[in-house]
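Below is one structure, written out as structure tokens, with a few remarks after it.
Just so you know, ligand 1 is whichever comes first in the structure, and atom 1 is the first atom listed for that ligand. Start at 1 with the first residue, then count along the sequence. Excluded from the calculations below are hydrogen atoms, water molecules and symmetry mates; all remaining heavy atoms, backbone and side chain alike, are included.
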Amino acid sequence: MSFDKTKTDAEWRAELSPEQYRILREHGTEPAFTGEFWDNHEAGEYLCAACGEPLFESDTKFDSGTGWPSFYQALNADAVAEKHDVSHGMERVEALCRHCGSHLGHVFPDGPAPTGLRFCINSASLSFKKKQD
Ligand code: FE
């Protein structure tokens with residue numbers, strides 16, 4: 001898998017907060033119900049916190065009850081990459097930013113219609129751009 005907005009590890013360390021670095025670049029996870037966006041209901045677009053590319057729209061966000069921002073689909077086919085992940089003794093699908101390769105969260109097959117998917121994403125991996133009226 002190749003990404004068009006990669007940076008060196010030193011650059012990522014300089015640009016991201018320690019918490020963002022841990023999650024985006026070291027595949028970390030924020031504790032449930034602690035992030036900035038799990039309970040955000042405003043209309044707008046969610047961008048990659050590392051590279052700024054748009055990843056998800058608020059229209060596809062739903063309340064999963066998990067304490068992490070959850071979406072039933074990515075913005076488009078070029079937004080999110082999926083990778084088989086067998087770390088931590090679990091078989092999962094990892095969600096990565098298609099542009100910079102940063103870790104976003106995981107994709108589970110228990111989401112709502114129309115896709116049946118649940119993109120379970122760390123708030124720390126996202127920034128939010130509120131829709132202009
Ligand atoms: Fe990115």
Worksheet item: Tyr46 and ring-ring contact (aromatic ring centres under 6.0 Å, His included): which partner among Trp38, Phe56, Phe71, Phe119?
Response: Phe71

Response to the item:
salt bridge (charged side-chain N to carboxylate O under 4.0 Å, His left out) filter on Glu19, not counting sequence neighbours, yields Arg22

Discussion item. Donor-acceptor pair, distance only, cut-off 3.5 Å: does the side chain of Ser123 make one with the backbone of Phe37?
Written reply: yes

Fill in: Check: Trp68 main-chain N/O paired with Ser70 side-chain donor or acceptor under 3.5 Å
yes

Practice prompt. Establish, from distance only, whether the side-chain atoms of Glu91 and His84 form a donor-acceptor pair under 3.5 Å.
Written response: yes

Discussion item. Taking NE2 in His88 as the centre, count heavy atoms belonging to other residues, nucleotides or ligands within less than 6.0 Å. Is the count above 12?
Written reply: no

Response to the item:
At a cut-off of 2.8 Å, protein N/O/S around the Fe ion (ligand 1) gives Cys48 SG, Cys51 SG, Cys97 SG, Cys100 SG

